[in-house]
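Sequence lines set the chain letters: A, B, ... in the order given, protein chains first and strands last, and positions in each chain run from 1.
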There are 2 protein chains.
Amino acid sequence: MKQRLIIADPLELIAEGVRSWLREEKDLEVAYHVRSGVELVELLRRRAADLVLLEVSLPKMDGIDTMRAVHRDFPGQKVLAFSALSDIEYVNSMLIEGAHGYLVKESTREEFLRAVRVTLAGGRYLSATAQHSVEQGYSYTEKDPDGEYVGLTSREREIIRMVAQERTNGEIAAALFISEDTVKSHRKNLMTKLNVRSTAGLVKYALDRRWA
Amino acid sequence: MKQRLIIADPLELIAEGVRSWLREEKDLEVAYHVRSGVELVELLRRRAADLVLLEVSLPKMDGIDTMRAVHRDFPGQKVLAFSALSDIEYVNSMLIEGAHGYLVKESTREEFLRAVRVTLAGGRYLSATAQHSVEQGYSYTEKDPDGEYVGLTSREREIIRMVAQERTNGEIAAALFISEDTVKSHRKNLMTKLNVRSTAGLVKYALDRRWA
DNA sequence: GCCACAATACCCACATCTAGGGAATCTGGG
DNA sequence: CCCAGATTCCCTAGATGTGGGTATTGTGGC
């Protein structure tokens with residue numbers, strides 16, 4: 001009779017914490033724990049669950065990509081984003097990709113349970129800091145006034161990852177068999193899309209998503 | 001009769017997970033949970049514990065600084081570093097500052113319990129990945145052949161934080177009322193000490209420690 | 001008092017990145 | 001087929017960072 005949750009998070013300890021928080025709840029239980037986005041998609045093919053708790057920072061295929069895949073392949077699946085990060089990029093991206101809410105890991109047990117129940121009931125739960133991020137809006141609203149989500153192409157992600165790995169444009173160009181000018185173009189586009197003004201901003205973006 | 005642990009970690013969920021892992025252990029319990037290094041030091045002034053589990057990534061005063069403070073003010077205190085990070089810088093730094101072991105958060109309950117008990121018994125526990133990092137040694141061994149720990153001064157940390165915040169040398173200079181040349185000097189020293197060759201490396205270092 | 005070191009500042013030379021612009025090719029969807 | 005977008009490449013020019021130096025001042029420890 002219990003509502004079944006899937007925890008998608010690289011750490012067993014996090015799953016254990018959630019299990020512990022749910023131990024005395026009669027209506028909720030952790031049915032599965034997966035450690036990556038790939039595992040999650042594979043599991044959903046075989047098993048159903050009422051709610052997925054999805055960490056945004058996952059190795060390789062990050063939470064945003066995973067969210068997109070889940071939303072595409074399992075349109076009705078309820079997903080609550082669950083992360084330590086509350087920056088606008090992640091919150092907005094997850095919501096746009098179909099997450100039903102965004103819960104920060106700093107939350108207490110009470111907030112956690114409320115968020116899970118609200119989401120299961122079909123509502124939208126946002127932690128205060130996530131809500132704040134959404135209200136602030138993208139910091140680069142000037143450059144993108146319609147507020148539309150600006151995604152990165154796979155090539156751009158490839159480039160930004162290598163930038164975060166301390167490689168120069170020349171090295172990236174050599175590794176990808178393209179000209180240095182092309183790499184520069186990609187960096188230019190990346191900086192515009194992400195509204196950062198230096199290498200530091202690109203590195204931060206990539207590292208927050210664990211791409212490097 | 002139980003051995004008492006203090007969990008120093010920003011997330012309540014982590015503390016809950018540890019409590020859950022210890023629930024059926026007759027000889028271990030979580031006595032306190034603190035969310036920052038400052039809180040930890042304050043608590044230790046008032047209460048004793050057999051072991052501190054110390055996260056390396058803490059806001060403001062990071063785990064390394066906290067470790068140093070604890071080691072200085074409470075020399076006999078047993079501390080087990082407990083983090084998701086296993087890079088050589090953190091592992092070595094924590095051990096040099098006096099940690100009795102280094103446990104990665106990816107560990108299973110079994111490894112966790114083993115690490116805690118080994119440390120309480122006076123032994124040194126290192127997770128496999130941490131052990132690996134130590135064996136690899138600093139990547140900049142050539143530049144620092146005696147393998148001595150290279151710490152950053154407070155001014156250098158101030159600089160590296162601002163670099164990670166996407167500020168240019170000129171902006172940092174203006175903010176700190178020093179010349180741009182001085183900022184360059186600090187960056188130069190930072191890059192040598194940390195053995196990185198670009199802004200990206202500095203940003204990574206700062207972000208891993210949650211300084212930005 | 002001396003030594004080590006942090007913090008400050010400057011020199012030169014070179015490497016790399018940033019910021020505009022434009023444009024050709026290819027691919028997938030409507 | 002046509003269009004939008006991704007990817008590729010080029011140009012100019014200036015800003016910024018990197019990598020060697022050297023040097024002065026102040027502070028704290030021995």
query: Do the side-chain N or O atoms of B/Thr192 get closer than 4.0 angstrom to the phosphate oxygens (OP1, OP2) of D/dG20?
result: no
statement: Rounded to whole Å, CD of A/Glu171 lies from P of C/dA15 at a distance of 14 Å
message: Check whether B/Gln77 reaches the backbone of B/Ala49 with its side chain - one donor and one acceptor, N or O, closer than 3.5 Å.
response: yes
message: If the threshold is 4.0 Å, N to carboxylate O, is there a salt bridge linking B/Glu12 and B/Arg35?
response: yes
message: Rounding to an integer number of Å, can you tell me how far B/Leu176 CG sits from C/dA6 P?
response: 18 Å
- request: Determine: side-chain N/O of B/Arg197 to OP1/OP2 of D/dT18, distance under 4.0 Å, yes or no.
  value: no
- prompt: Does A/Asn169 make a side-chain N or O approach to OP1 or OP2 of C/dC17 shorter than 4.0 Å?
  reply: yes
message: Is it the case that the side chains of A/Arg124 and A/Thr119 hold a donor-acceptor pair, with the cut-off being a distance below 3.5 Å and no angle test?
response: no
Between C/dA7 (P) and B/Glu158 (CD): distance, integer Å: 9 Å
query: Would you say a side-chain N or O of B/Thr182 is under 4.0 Å from OP1 or OP2 of C/dC10?
result: no
query: In terms of side-chain heavy atoms of A/Lys184, which of D/dG17, C/dT18, D/dG19 is nearest?
result: C/dT18
Side-chain ion pair, A/Glu156 and A/Lys193, N-O less than 4.0 Å: yes
task: Measure the distance from CD1 on A/Ile178 to P on D/dA6 and round it to the nearest whole Å.
output: 16 Å
message: Can you tell me if A/His186 touches the phosphate of D/dT7, counting only side-chain N or O atoms and a distance under 4.0 Å to OP1 or OP2?
response: no
message: Whole angstroms only, please: what is the NZ-P distance between B/Lys193 and C/dC5?
response: 10 Å
Side chain A/Lys188 and base C/dG21 donor-acceptor under 3.5 Å: yes
field: Residue-phosphate contact under 4.0 Å: B/Thr168 side-chain N/O, D/dA15 OP1/OP2
entry: no
Integer-rounded Å distance: D/dT7 C1' and A/Ile160 CD1: 17 Å
- prompt: In whole angstroms, how far is the C1' atom of D/dT18 from the CG atom of B/Leu190?
  reply: 13 Å
query: Side chain of B/Asp50, backbone of B/Arg4: donor and acceptor closer than 3.5 Å?
result: yes
query: When we call it a touch if two heavy atoms are under 4.0 Å apart, what does B/Ser185 touch: a base, just sugar-phosphate, or nothing?
result: base
Candidates D/dT7, C/dA9, D/dT18 - which lies nearest the side chain of B/Arg187: D/dT18
message: Nearest to the side chain of A/Ser198, heavy atoms from C-beta on, is which of C/dT18, D/dT18, C/dA9?
response: C/dT18
field: Distance in angstrom units between B/Ile159 CD1 and D/dT18 C1', rounded
entry: 16 Å
